[in-house]
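Naming: A, B, ... by sequence-line order, numbering from 1 per chain. Not measured: the values here are computed from a predicted model.
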Amino acid sequence: MVKEEQEESPNRPDNTAFTQQRLPAWQPILSASIVIPMFVLIGAAFIGVGVALFIASRDIQLQELDYTGDDSAHPCYKCRSSTEKCTCSMTFSIPNLFKGPVFFYYGLTNYFQNQRKYGASKDDNQLYGDLDYFKDPSSSCDPYTLDSRNIPIVPCGALANSMFNDTFSLSHVVNGTQKIVPLNGKGIAWWTDYNVKFRNPSVTPLINAFNGTKKPTNWPKPAYELDTTDVYNNGFINQDFLVWMRRAALPDFRKLYRRITHDDYVNGLPAGNYTLTIEYNYPVYSFNGRKKVVLSNVSWMGGKNDFLGIAYIVVGSMCVVMSIVMLIVYAKFKFAEDD
Amino acid sequence: MTVLKDIPEKWLPVVLPIKKKKKTGFGGGKAKKKRTEEERKVKANDREHNEKFQYASNCIVTSKYNILTFLPVNLFEQFQEVANTYFLFLLILQLIPQISSLSWFTTIVPLALVLSITAVKDATDDYFRHKSDNQVNNRQSQVLIRGSLQNEKWMNVKVGDVIKLENNQFVAADLLLLSSTEPHGLCYIETAELDGETNMKVRQSVSVTAELGDPNNLASFDGEVVCEPPNNKLDRFCGTLYWREKKYPLTNQNMLLRGCVLRNTEACYGLVIFAGPDTKLMQNSGRTKFKRTSIDRLMNTLVLWIFGFLVCMGVILAVGNAVWEREVGSLFQSYLPWDPPVDNFMFSAFLSFWSYIIILNTVVPISLYVSVEVIRLGHSYFINWDRQMFCSRCNTAAESRTTTLNEELGQVEYIFSDKTGTLTQNIMTFNKCSINGQTYGEVDPLGKQRKRLDFTPFNPLANPDFCFYDEKLLESVKVGDLHTHEFFRLLSLCHTVMSEEKSEGELVYKAQSPDEGALVTAARNFGFVFRSRTPGTITTIEMGRTVTYSLLAILDFNNIRKRMSVIVRSPEGRICLYCKGADTVLLERLHPCNQELMSITSDHLNEYGADGLRTLALAYRELSEDEWEAWSESHRCADKATDCREDRLAAAYDKIEQDMKLLGATAIEDKLQEGVPETIALLSLANIKIWVLTGDKQETAVNIGYSCKMLTDDMTEVFIIGGHTVQSVRQELRSARERMIELSRAKDGGKTEGMEAWAEACFMGNGMKDGQEGDCTSGRGSKQLHCSSFPPSASGDMDSISGEFALIISGHSLAHALEADMEAEFVSTACACKAVICCRVTPLQKAQVVELIKKHKKAVTLAIGDGANDVSMIKSAHIGVGISGQEGIQAVLASDYSFAQFRFLQRLLLVHGRWSYLRMCRFLCYFFYKNFAFTMVHFWFGFFCGFSAQTVYDQYFITLYNIVYTSLPVLAMGVFDQDVPDHRSLEYPKLYEPGQLNLLFNKKEFFICITQGIYTSVVLFFVPYAVLSDATQSNGVPLADYQTFTVTTATALVIVVSVQIALDTGFWTVFNHMFVWGSVGSYFTIMFALHSQTLFRIFPNQFRFIGSAQNTLLQPVVWLTIALATAICVVPVLAFRFLKLDLKPQLSDTVRHTQLARQKRRKPAGRSMAGTWRGTGSVSEGRLGARGGSRRSGYAFSHQEGFGELITSGKNMRLSSLALANFASKHSSSWIETLRRKKNNHTPPSTSGECSPAPSNMSGMGPALSNSSSVLGGSQETPIEEETDTAVVLSSLSHPAASEPAEPRAPAQVAPADSSTSAAARTDSPGGWTRSLETVQVSCFFS
């Protein structure tokens, strides 16, 4: 508007684009010239990505070994209800070279790490190495805060208490002899967990920090003895402990146990027969859980995952189909563009 | 929430207390009034005595809180809101550790935010209330204490005090008028603020106290008043004054009420009867009903449903929990033992239920209510800021006084409008006249040579504001045409106007009714100046010559007589009766010899009537002395009669008002507000039905109906219901209905043309496809789908009425029609009509009519009015609109919206209302969608986490999702979105229809939204579930841990809802961009911050997600998952919308599309706009063209009877010709002196009324006349008799004519460029002008 009405009444509202709702605006409209090409493009892109994913996923090798032992024929059957230390072993063969690096996982099913109370049952301050919470753990750890004699449990809580404690060793049968495959347990936990989130109290030796505390009831040995060989893998920063403490989102999960990155196995597991020896400690039978060991390698997009590729291809094809339908509809009910 | 308080400063002090009355519950003044008062006893000048009764003081407290009580009272009030209590309840639940599935702060943060915002708002409101209270309470008034006048603050005025009021002061309390400086103890008050009536009212004191006069006597006055207790009846007061052993009855006539202003009275004294909260003003300001919109109600229903849904989900999950705990959890106890107090799966399920209630509560987040309020507030500000709703003449902007109703403005179906002051300006202008068979004032409507006559050279006393365009009349006056002179003489004599001359030549007329004032002003300008009157004389200046008539009788107006007469004796001794009145009654009383003139005049009257003018016929009769004597005797007899005085008087009047000679007729234009016909036309195109409810007479109302195009001559039939008994009203209604059915059947049966025309119009207005052909017959079946404007059939025949009908019903018939057994009948009849006019209705009836429609039609109603008599209907309608900028403020105070001009209604409804509705609907749809998408993920997760109420998201995400991550984009959409620009929605009124039909947000739309939300939640849960359960990072670490899952899902959710809002936003202003991108940005920023090492190091227990963001979002798989989820969520929506746009486009889509196409082709934007206006304009052209056959006329008399009596008794008159005398002594103005001298020594020759052209000083007049030589042509002698010095004054007085006033009849002036089209359309369409208009519009659109 013209700026001539300088002496406007003060009551007159301001003449700005904002107050007069005349702000410049982009007004997109779902016109055929945008939507249909967009669908074609999206479709093409998705199909492309999907195919790439599918191929990548197909190339990944996977070896799964269930060692729950619920079948009487199974070598681990005996350990299922044993209260003693029990070891069983399974053999399997790899037909072709299992390309490295190979990752060694243990998996549990029907195991509810994502249960709210289970997940909340820990004390982050304690795990951060705060000695105050060694003496007085958070009540969120109940009923694993104090033992029957009111001695605080460190690390407290159901999550820590239920730490997975089966151990595995893998040996390659070369010419009838068992050759141990070296397993690398370094760096299997998140960097932030290892370096920031979990801390041992700055007390040396570590054992002194645990004075006046008790080990979790289910643990065979206290936290400061988890790995006596390596001070950087002991206590709360023990990698296996860290892996366990990073709770799974779903009841069927697998966790990284070791990597196979050493010696002859840098490029993978050669074809041949292998023996998996399991120190069977962790009871899952009571709640119908299953335990398994998984060997896998990864591609650029991670582990084996057929779903992603297929989903991409399906969605992409749907887009293309949709664009055709829209084109037909558009041609038939042509928008009256010319009037 | 409540009100934007922008009441003009001027009113603030008086007004705010009225508004905020509801709070007096907390006020101090009211607290005392526990016991009910049965009778009030007040003793004058005796404070000790009166204190015994503990009457309320004059201190007004409208504020709610003080500093101490603010917090508790305000919190108490806020927690009375269900939503707030609900969230408090949730908060308490969260504090129970066994239940708490979420930290307490997820609820308390939003709750605290909401509470504090509301508290701040309340505090500000209250602060202003305190301020205005103080201002009012500290006003000064003069109180008579111990015999002397002392200044006191208003709040210290006590019941029983005598206070002095001066001119133009507000009355401080309800006073009993004791005495006044005016004679007879009269005083004048303006009650605009009390009842909205702007005319002055007379109050008179009891004669005994009137004699007291000055303060000295009043100080010793010790009368006692016993009266009724405080009440809210403005027009009633009943009491007794006991003084000196005598009783004097007191009525409302003796009272001055608080809120009035003293006018034209130097000073007066009054006794305080009611003070402060007891005053009628305060008693009247009852609590305003809190209005809710239909969306509000729907929202509440939906929230209840959602709550039910929430409980259902809780129950499902609790049952799941029970089963899980029994089947799995019990076995899993070695790893997770049950809590000792739980130890039972049933109890666990019970706890789980509450836990789920907590985490699923976000389906109804607290931010819903806050956001809705914010959006409405924004819309209200847009209304306040709209320059196109600013009236520069009254300097008033539109004001949205509530912030709760905006979206309902987009759903209005019925408008109830007051007439006077709303449709009309309540300004009467003398527009045309017919004198002796010659009509004057007919000017070519196109106004080629429309030139306003300049009266000043001819007549120094002329009113400069008067406009007249026909110079023939002035010439006729100048040549001294006998009839013309007699005509104007009648106008200058036959009236009850009072004159006041403030300074020389500045006559001010005080008329009871504006039309009388207009007539007297017309006479004044044409040289017959009514100067002053005494009870027995009328002094006029006829063509410059002062003539004093003795007034023998005033035969006053009343509603049955419909006429008034005066009998005067001219200075020459001639006795003459002048009569003016409704043509229907007057023409019967003419002398037979007038037959020919009568038929010509009657034709003229019809013409005037057809133009919507108010007409009066004028006649006179000369009386011989004997006749007069004889009649005078009989009149005196009748006057003195004690029984049936009225009837006898009427008979006496009737006797003398016979055998009169017709002089002519006047036509007065009841000036419409600007743009009223266009607005009404546009609103009816938008399928809004307009009812006029007026207190005016039927004729007036009908005339206005015609002039504002509600009624047209094209209408099939206009029914008038005027029965006085139940039976007759019922009969009339029934026959109207039968006739309607018959007529519409005749039409439908014949060619089904009405239907077809309607369908066509509808289709063309809606579909916009191949319109020119109008090829409707083939595609009618399908196209009728669009035509949802047709009223949904409910009661058979009445709903399928085609054709244009109008119903006019008068108040007394309405009283019967509104009775329970007839109301359904009335509603069905009235709603079948295009226009309904209710006349002579009381304020209560106005409200009843509104309630009736609310009850029977389930439609949104809007009432618009300007006066106190409209308050009831404004309050009872869904939306009340007050016309501001007028004097009265009551209507505005009661209203929800106010603006200065009726025509702003179209912008308020079609632009602001429509946008508000659209925005609110889109907002709600999206809001429910996003919260279902967000919350339902928990539900699905429940099945995988043992129904343990484990949240999927981080607690911070849950806290911030609704208040940070997703609030602003949707708010921006809710505030700024536009589908089509404002001028388009005025061009295509059909765009308004979705609102009326409630199409954009209803239960169906809601289900679609939540279905989409649930679909999204399924995708958001199961896609990451399927992908992540097996996926690993490239270093082999599995991605299936809880925190990664959380981050993935949350990120996908934020992205999906952001994409969705981007799709929903149709109008991307800079704010939308900022908020949409900003929200996504803030999500990532905040997430990285919360997952940072720094925060974790400070609070290891609170920020457990350390490192998750980095770890997760660096994984390509995660991004592929998010992209996949987004695509699966959005692609179907996009496809669906595109197909819907193609297959079933809404009108708004079409308009938007066309707009875009047009922008591309860079057509001049203004063109089609102009086309529309031409279109609407052509309607009025059509009316003019189609005139004929209809005989209508209205008569212009709107004042109350009884004023004549006041005049002849001399009561309402100051000392005779006081003004003139005063004035002469003060000013030695030359010409007025001359006039007076003349008056004294000049004995005019006896003439029969026409002014004898006296010898005048032509040389003196020369210079003045030369100014208007084109008008006068210098042809005749100037019939003004003046002395030599007049010319000097004259030339000094003769100023250029005032600037051309606003075009009085705008519609008629609009260039009828398209009238050929519309005329053509009209001829073949009995459907009437709506259809023709639409055709025009469509054709404009295509051109």
Side-chain angles (χ1 to χ4, degrees), chain A residues 9 11-13 15 19-21 23 25-27 29-30 35 42 46 103 112 114-119 124-125 128 143 158 162 190 192 196-197 246-251 253-256 259 286-287 298 300-305 307-308 311-312 315 319 322 326 329-330 333 335-337 339, chain B residues 101 328 331-332 334-337 382 385-387 390 395-397 769 944-946 948-950 1026-1027 1029-1034 1036-1038 1040-1042 1045 1066-1070 1093 1096 1100-1101 1104 1106-1107 1111 1116-1117 1120 1124 1127-1128 1131 1135 1137-1139 1141-1143 1152-1153 1156-1157 1342:
Chain A
S9 136
N11 287 356
R12 194 189 196 92
N15 185 18
T19 57
Q20 301 309 307
Q21 307 197 57
L23 286 173
W26 172 53
Q27 298 181 51
I29 193 161
L30 292 178
V35 175
I42 292 177
F46 267 60
F103 299 93
F112 288 83
N114 60 6
Q115 227 272 1
R116 175 166 59 92
K117 293 202 190 84
Y118 179 87
D124 285 289
N125 284 311
Y128 188 56
S162 59
W190 280 21
T192 44
V196 185
K197 195 172 178 186
R246 177 148 292 277
R247 63 191 182 114
L250 299 163
F253 59 86
R254 60 187 193 189
K255 286 174 182 282
L256 188 57
R259 291 199 184 88
S286 61
F287 58 93
V298 298
W300 58 271
M301 43 70 68
K304 190 171 184 72
N305 198 340
F307 172 80
L308 200 56
Y312 263 82
V315 171
C319 282
M322 216 53 186
M326 285 192 286
V329 168
Y330 175 70
F333 298 86
F335 215 80
E337 230 164 340
D339 50 51
Chain B
S101 44
V328 183
L331 308 175
F332 197 60
S334 52
Y335 296 114
L336 181 67
F382 280 134
W385 284 333
D386 194 339
R387 280 164 75 92
F390 175 80
N395 195 18
T396 324
K769 292 177 199 168
F944 297 88
C945 69
S948 60
Q950 173 65 50
V1027 177
S1029 52
D1030 289 334
T1032 62
Q1033 300 185 7
S1034 44
V1037 176
D1041 67 284
Y1042 170 73
F1045 189 82
F1067 194 76
W1068 284 79
T1069 64
V1070 73
Q1093 300 180 17
F1096 174 80
N1101 208 19
R1104 295 169 177 166
I1106 168 177
N1111 255 310
V1117 181
L1120 287 172
L1124 181 67
I1128 295 176
V1131 161
R1137 291 203 180 167
F1138 177 82
L1139 291 179
L1141 200 65
D1142 265 10
L1143 294 173
R1152 193 179 162 99
H1153 190 89
L1156 237 75
F1342 285 113

Options [options], ranked by heavy-atom pairs under 4.5 Å with chain A, top entry:
{"options": "N1111(B), V1117(B), V1131(B)", "value": "N1111(B)"}
{"options": "A949(B), A1031(B), A397(B), G946(B)", "value": "A949(B)"}
{"options": "V1037(B), I1128(B), V328(B)", "value": "V1037(B)"}

Gap separating the [atom1] atom of [X] from the [atom2] atom of [Y], nearest 0.5 angstrom:
{"X": "Q20(A)", "Y": "D386(B)", "atom1": "CD", "atom2": "CG", "result": "5.5 Å"}
{"X": "T396(B)", "Y": "R12(A)", "atom1": "OG1", "atom2": "CZ", "result": "11.5 Å"}
{"X": "T1032(B)", "Y": "R254(A)", "atom1": "OG1", "atom2": "CZ", "result": "6.5 Å"}

Notebook entry, point to check: Of all residues at least two apart in sequence or in a different chain, which pass the ring pair (Phe, Tyr, Trp, His ring centres under 6.0 Å) check with Y1042(B)?
Noted result: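 Ring pair (Phe, Tyr, Trp, His ring centres under 6.0 Å) list for Y1042(B), sorted by chain: empty.
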Item checked: side-chain contact (heavy atoms from CB on, under 4.5 Å) against A158(A), all qualifying residues, sequence neighbours excluded ->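 Applying side-chain contact (heavy atoms from CB on, under 4.5 Å) to A158(A) gives Y118(A), S121(A), Y144(A), L336(B).
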Could you have a look at [options] and say which one has the most heavy-atom pairs with chain B under 4.5 angstrom?
{"options": "L23(A), V196(A), I42(A)", "result": "V196(A)"}
{"options": "F103(A), F307(A), Y128(A), W26(A)", "result": "W26(A)"}
{"options": "V35(A), N125(A), V315(A)", "result": "N125(A)"}
{"options": "C319(A), G119(A), G302(A)", "result": "G302(A)"}
{"options": "S162(A), A249(A), G303(A), A248(A)", "result": "A249(A)"}
{"options": "F287(A), W190(A), F253(A), F46(A)", "result": "W190(A)"}

Region of [X] in contact with chain B, defined by heavy-atom distances below 4.5 Å:
{"X": "M326(A)", "value": "both"}
{"X": "K304(A)", "value": "backbone"}
{"X": "Q115(A)", "value": "both"}

Checklist line | Test item: K197(A) and D124(A) side chains (from C-beta on) under 4.5 Å apart, heavy atoms | finding: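 Sidechains of D124(A) and K197(A): in contact.
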Check: Does some side-chain heavy atom of Y330(A) sit less than 4.5 Å from a side-chain heavy atom of L1139(B)?
Finding: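 No, side chains not in contact.
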Relative to chain A, which segment of [X] carries a heavy atom at a distance below 4.5 Å: side chain, backbone, both, or neither?
{"X": "F1067(B)", "value": "both"}
{"X": "A1026(B)", "value": "both"}
{"X": "Y335(B)", "value": "both"}

Check: Taking the side chain from N15(A) and the backbone from R387(B), do they hold a donor-acceptor pair closer than 3.5 Å?
Finding: no
Next item on the list: Kindly say whether D1030(B) contributes a backbone atom to a donor-acceptor pair with the side chain of N305(A) at under 3.5 angstrom?
Entry: no
Next item on the list: Classify the ring geometry between F382(B) and W385(B) as parallel (under 30°), tilted (30 to 60°) or perpendicular (over 60°).
Entry: perpendicular
